[in-house]
Amino acid sequence: SALVTYRDGSRLEGQMALDLFRLMRLTKSLAGERDFFEYAALANERALPGEAKSMIEEGFSTGVVSKTSRAVNEMLTTASGKIASDRASIAVSEKQANAAGATGRPAAGAGDAFLGYGEDAKAVPYYKMALQKGGVDADQVNTRLGIALARSGQKEEARKYFAAVGGARADIAKFWLLYVDLNP
């Protein structure tokens, strides 16, 4: 309830809303078909078709999302159609991330892609590389690194990265820290 209240009261958009939806998914706090659709739409808009597809399929399997919803099925078709090329682009991002002189942006992009596919262990080194190389939104990367670590069971290390988050993302990081503390 607190996550839904926070989301509705803060009117988060874009990347911050996506990270809050990730926590809501993990804690089974998504309130209905609208939440599943909004989460999938955000993921799809941010070039995370695997996450969008898995969100819709989870909604179908739990019975929260109607399999007859035209909008949901269109979203599923769109996301499914992008997965092959998205998977292929990850290799390019990895290569760019490892290039000498590169900023942390390609590494953060690779981390985001892996996180979107639920491959948290693969996301972690890319987020760490992004922070090391710089040129990225450190609060966003620390949040995502904390998410990858928390979801992969590395809760102590996740705490460190969530604690480093400031600015507009501080509240989202605090909710993630609360999740880590309540789920040892």
Side-chain angles (χ1 to χ4, degrees), residues 1-67 69-76 78-79 82 108-109 111-120 123 127 130 136-155 158-184:
S1 295
L3 294 172
V4 172
T5 301
Y6 174 73
R7 181 205 57 203
D8 291 347
S10 62
R11 301 195 188 280
L12 297 174
E13 293 182 8
Q15 300 288 358
M16 290 193 299
L18 185 61
D19 290 338
L20 186 67
F21 271 123
R22 287 173 170 146
L23 180 58
M24 292 174 73
R25 180 182 191 180
L26 193 59
T27 60
K28 310 254 186 269
S29 303
L30 297 168
E33 186 169 315
R34 180 188 78 108
D35 284 353
F36 279 82
F37 182 81
E38 190 176 334
Y39 179 170
L42 276 169
N44 200 43
E45 289 168 11
R46 273 140 195 87
L48 300 167
E51 190 165 3
K53 180 179 186 267
S54 71
M55 191 70 253
I56 292 169
E57 289 174 344
E58 183 178 316
F60 287 160
S61 71
T62 60
V64 175
V65 176
S66 170
K67 291 184 179 182
S69 170
R70 190 172 132 219
V72 171
N73 282 300
E74 286 175 3
M75 175 80 62
L76 179 60
T78 300
K82 294 178 180 177
D112 286 346
F114 285 126
L115 190 73
Y117 283 107
E119 297 175 20
D120 301 316
Y127 285 133
V136 295
D137 178 341
D139 289 329
Q140 179 173 304
V141 174
N142 279 319
T143 303
R144 302 257 168 95
L145 178 52
I147 291 169
L149 290 163
R151 292 191 327 194
S152 62
Q154 299 175 57
K155 309 247 172 152
R159 278 185 184 91
K160 178 175 97 173
Y161 290 99
F162 287 135
V165 176
R169 291 179 152 273
D171 288 339
I172 294 169
K174 287 176 187 172
F175 277 116
W176 273 97
L177 274 168
L178 183 59
Y179 167 78
V180 168
D181 290 342
L182 294 175
N183 295 282

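A quick note: this is a predicted structure, and the numbers were derived from the prediction, not measured. Here, residue 1 is the first one in the sequence, and each next residue gets the next number.
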Return the CD to CD1 distance between Q140 and I172, rounded to the nearest 0.5 Å.
10.0 Å
To the nearest 0.5 Å, atom CG of L23 lies from atom CZ of R7 at 12.0 Å
Just wondering, more than 12 heavy atoms not from E13 lying within 6.0 Å of its CD?
no
In a check of side-chain contact (heavy atoms from CB on, under 4.5 Å) between Y39 and each of M24, R34, M55, which one passes?
M55
Run R22 and D19 through side-chain contact (heavy atoms from CB on, under 4.5 Å) and show every step you take.
CA-CA 5 Å; R22 287 173 170 146; D19 290 338; 2.8 Å; yes
For F175, ring pair (Phe, Tyr, Trp, His ring centres under 6.0 Å) partners two or more places apart:
Y6
Any I147 side-chain heavy atom under 4.5 Å of F162 side chain:
yes
I need the K53 NZ to T78 OG1 distance, nearest 0.5 Å.
13.0 Å
Do the non-hydrogen side-chain atoms of K82 and N44 ever get within less than 4.5 Å of each other?
yes
Indicate every side-chain donor-acceptor pair of residues 177-184 with a distance under 3.5 Å to a residue at least two apart or in another chain.
from, atom 1, to, atom 2, distance (Å)
D181, OD1, R159, NE, 2.8
D181, OD1, R159, NH2, 3.0
N183, ND2, Y179, O, 2.8

Considering non-hydrogen atoms only, spot the tightest contact between A150 and A158 and give its length.
N-CB, 3.7 Å
For A148 versus S152, what's the shortest heavy-atom pair and its separation?
O-OG, 2.9 Å
Separation between CD1 of I56 and NZ of K67, rounded to the nearest 0.5 Å:
13.0 Å
Distance check, rounded to the nearest 0.5 Å: K160 atom NZ versus N142 atom CG?
9.5 Å
Restricting to non-hydrogen atoms, name the atom on V136 and the atom on A130 that form the minimum distance, rounded to 0.1 Å.
CG2-O, 3.7 Å
Would a 4.5 Å heavy-atom cut-off, applied to side chains only, mark W176 and L26 as touching?
yes
Heavy-atom distance under 4.5 Å between the side chains of E51 and D112, does that happen here?
no
Side-chain heavy atoms of L145 within contact of L149, under 4.5 Å
yes
R151 and L115: side-chain contact (heavy atoms from CB on, under 4.5 Å), yes or no, with the steps?
CA-CA 10 Å; R151 292 191 327 194; L115 190 73; 3.4 Å; yes
Are the side chains of Y161 and V165 in contact, using a 4.5 Å heavy-atom criterion?
no
Between L42 and L18, the two heavy atoms sitting closest are CD1-N, 4.1 Å
Note, F36 side chain near R25 side chain (heavy atom, < 4.5 Å)
no
So, Q15 versus R169: side-chain donor-acceptor pair below 3.5 Å or not?
no
Kindly give the heavy-atom pair with the smallest separation between F37 and V72, and that separation in Å.
CD1-CG2, 3.8 Å
Measure the shortest side-chain to side-chain distance between F21 and S29 over non-hydrogen atoms and say whether it is less than 4.5 angstrom.
no
